[in-house]
Number of protein chains: 2
Amino acid sequence: MSAPDKGSDRQGWRALREIIHERILSGAYPPGARLPRDADLAEQLGCARATVQRAMRALADDGLIERKRKGGSRVLARPVTRATFDIPVAREEVEATGRAYGYQLVARDITQTPHSVAAAMGLAAPERMLRAQALHLADRRPFMYEDRWISLATVPEIVDVDLTRESANEWLLAHRPYSRCTLRFSAANATDAQAELLGTRAGDALFVIERGTWLGSAPITCVTALAPPGYALSTEA
Amino acid sequence: MSAPDKGSDRQGWRALREIIHERILSGAYPPGARLPRDADLAEQLGCARATVQRAMRALADDGLIERKRKGGSRVLARPVTRATFDIPVAREEVEATGRAYGYQLVARDITQTPHSVAAAMGLAAPERMLRAQALHLADRRPFMYEDRWISLATVPEIVDVDLTRESANEWLLAHRPYSRCTLRFSAANATDAQAELLGTRAGDALFVIERGTWLGSAPITCVTALAPPGYALSTEA
DNA sequence: TGACAAAATATGTGCATACATATTACTGTT
DNA sequence: AACAGTAATATGTATGCACATATTTTGTCA
């Protein structure tokens with residue numbers, strides 16, 4: 001029957017991706033080389049073009065190959081290391097390691113943002129916003145310190161939230177979904193005040209995560225999170 | 001009129017994703033809620049189930065919804081912030097900012113790895129490996145310092161490469177593709193020697209990138225890269 | 001030779017259908 | 001009521017087809 005040997009080697013698109021990946025690793029398709037057309041690969045491997053497309057798109061998403069509309073597919077000469085991080089909520093990050101999570105509001109007030117914060121949030125001029133500074137604890141020891149600004153224009157309800165009980169981050173995630181998010185990782189020396197809060201010494205190298213979220217073009221919040229020495233973000237690509 | 005109005009509002013899967021995303025943002029599908037079945041959405045939106053599937057899978061990949069085989073699709077109550085970073089080769093990172101790239105080998109020798117490195121590479125015991133320490137420069141100023149170990153068992157040819165001319169990283173990328181890669185970001189205070197090399201002061205907060213690559217289960221290389229203050233890694237999720 | 005229009009081509013997308021697979025829900029038995 | 005086996009169900013995957021779209025290549029004309 002016309003059945004294209006389904007029974008013997010029923011390959012899924014994941015298997016196809018693996019086969020092609022192997023060919024790249026083994027040098028059969030060396031860096032910079034052009035791969036066969038999807039249609040040819042499909043015939044060669046005994047499957048439909050759509051299945052090859054699925055596998056190839058996965059390889060392209062992983063940064064291994066490059067696909068262009070008429071140029072065909074090429075093995076990237078200099079594959080970029082593409083890594084995906086899931087930035088967890090502090091509570092879950094702590095609890096994932098089996099420690100007890102704690103939260104503590106350090107300060108809360110409503111003031112004018114500095115120019116730097118307004119700029120980071122894409123505003124032309126500073127605005128009055130809610131500023132919340134808080135500590136996340138793991139087994140009662142400082143885990144991360146966050147200094148957060150929340151737009152009163154976009155999230156007016158935030159003034160009525162009891163931030164001594166609930167982390168602003170968790171409240172926002174539950175009540176104000178965002179459509180855009182920027183992230184920035186860097187390192188900084190701890191100031192005296194930061195060291196005091198994090199239980200380390202001034203000058204210690206802190207891991208810095210800066211995050212901004214928007215709903216459409218309206219800024220929601222902008223946080224600078226500081227983690228004491230020992231903190232690391234890791235992933236497998 | 002069984003024709004599913006193709007002419008008027010021919011929606012692509014990206015448009016569908018956007019529509020569903022909007023519904024989530026607007027609260028039509030609140031956090032934790034179950035979404036309609038793919039088939040129902042398809043009928044409601046006037047397209048094929050495959051198209052809905054494509055959109056929904058994209059939303060799931062972005063960490064916005066969760067899909068289970070019979071449980072249907074749910075809006076994630078606590079959406080994780082999922083960010084994808086492309087870790088560039090130093091040369092390209094420098095040149096992307098319009099600066100002149102420079103490279104300088106600081107040291108090269110073949111010695112036994114410390115236990116820590118052997119462990120990081122998944123080896124039971126230390127091995128003799130090639131260690132290459134090098135500086136990447138931007139406009140003749142230190143941009144990043146790397147301390148790298150390369151497995152002689154996996155990459156014996158590396159001993160014949162002139163590392164004073166070519167960065168080990170670029171040689172490896174061109175000649176030794178990897179199948180697995182681990183990444184770890186952290187912060188550390190500069191030692192005297194590191195500060196000297198990077199042109200900063202001892203104690204300054206450095207951004208640390210640790211990376212390991214393997215081909216199958218064979219370790220290829222393991223690097224610790226240090227960037228001076230001012231360096232940051234950023235992305236848009 | 002050079003510029004511009006037209007044809008060719010490889011990937012991208014959409015659709016309809018069939019079947020696979022993982023879970024949930026149900027049902028009958030003890 | 002507890003349990004195991006079975007049916008129901010929503011998503012996952014594969015296929016064949018047609019057409020869309022972005023590039024490259026080719027061809028024509030000045």
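Below, chain A is the first sequence line, B the second, and so on; all start at residue 1.
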Side chain Arg49(B) and base dG14(C) donor-acceptor under 3.5 Å: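 No, the side chain and the base share no sub-3.5 Å donor-acceptor pair.
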
Check: dT11(D) base within 3.5 Å donor-acceptor of Arg67(B) side chain: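 Not at all, since no donor on one side and acceptor on the other fall under 3.5 Å apart.
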
[X] side-chain proximity, nearest of [options]:
X	options	answer
Arg14(B)	dT11(C), dT13(C), dG12(D)	dT13(C)
Arg34(A)	dT13(D), dG14(C), dA10(C)	dA10(C)
Gln53(A)	dT15(D), dT13(C), dT11(D)	dT13(C)

Position toward the 5' end of DNA chain C (nearest nucleotide), Gly71(A) or Arg57(A):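 Mapping each residue to its closest nucleotide by heavy atoms, the 5'-most match is Gly71(A).
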
5' priority, DNA chain C, between Ala50(A) and Lys70(A) [closest heavy atom]: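 Result of the comparison: Lys70(A).
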
Send over the distance from [X] [atom1] to [N] [atom2], rounded to a whole Å.
X	N	atom1	atom2	value
Arg54(B)	dT11(D)	CZ	P	17 Å
Glu43(A)	dT15(D)	CD	P	14 Å
Arg37(A)	dA8(C)	CZ	P	15 Å
Gln11(B)	dA20(D)	CD	C1'	16 Å
Lys68(A)	dA22(D)	NZ	C1'	10 Å
Asp38(A)	dA14(D)	CG	C1'	15 Å
Leu45(B)	dG14(C)	CG	C1'	14 Å
Ile65(B)	dA10(D)	CD1	C1'	13 Å

Flag, side chain of Tyr178(A) to backbone of Gly212(A), donor-acceptor distance under 3.5 Å: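 No.
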
Working for side chain to side chain contact (heavy atoms under 4.5 Å, CB included), residues Val155(A) and Trp171(A): CA-CA 11 Å; Val155(A) 199; Trp171(A) 187 90; 3.7 Å; yes

Mutual orientation of the aromatic rings belonging to Phe207(B) and Phe185(B) [parallel < 30°, tilted 30-60°, perpendicular > 60°]: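 Ring orientation, 0 to 90° scale: tilted.
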
Aromatic ring pairing His136(A)/Tyr103(A), orientation class (parallel under 30°, perpendicular over 60°, tilted between):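 Plane angle between 30° and 60°, so tilted.
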
Phosphate contact (dT13(D) OP1 or OP2) by Thr51(A) side-chain N/O below 4.0 Å: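 It does not, given that no N or O in the side chain of Thr51(A) lies less than 4.0 Å from OP1 or OP2 of dT13(D).
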
Contact under 4.0 Å: Ser73(B) side-chain N or O vs dT11(D) OP1/OP2: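 Looking at the OP1 and OP2 atoms of dT11(D), one of them is under 4.0 Å from a side-chain N or O of Ser73(B).
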
Asp139(B) vs Arg99(B), salt bridge (Lys or Arg N to Asp or Glu O under 4.0 Å): CA-CA, chis, key distance, verdict: CA-CA 6 Å; Asp139(B) 281 348; Arg99(B) 290 176 290 178; 5.3 Å; no

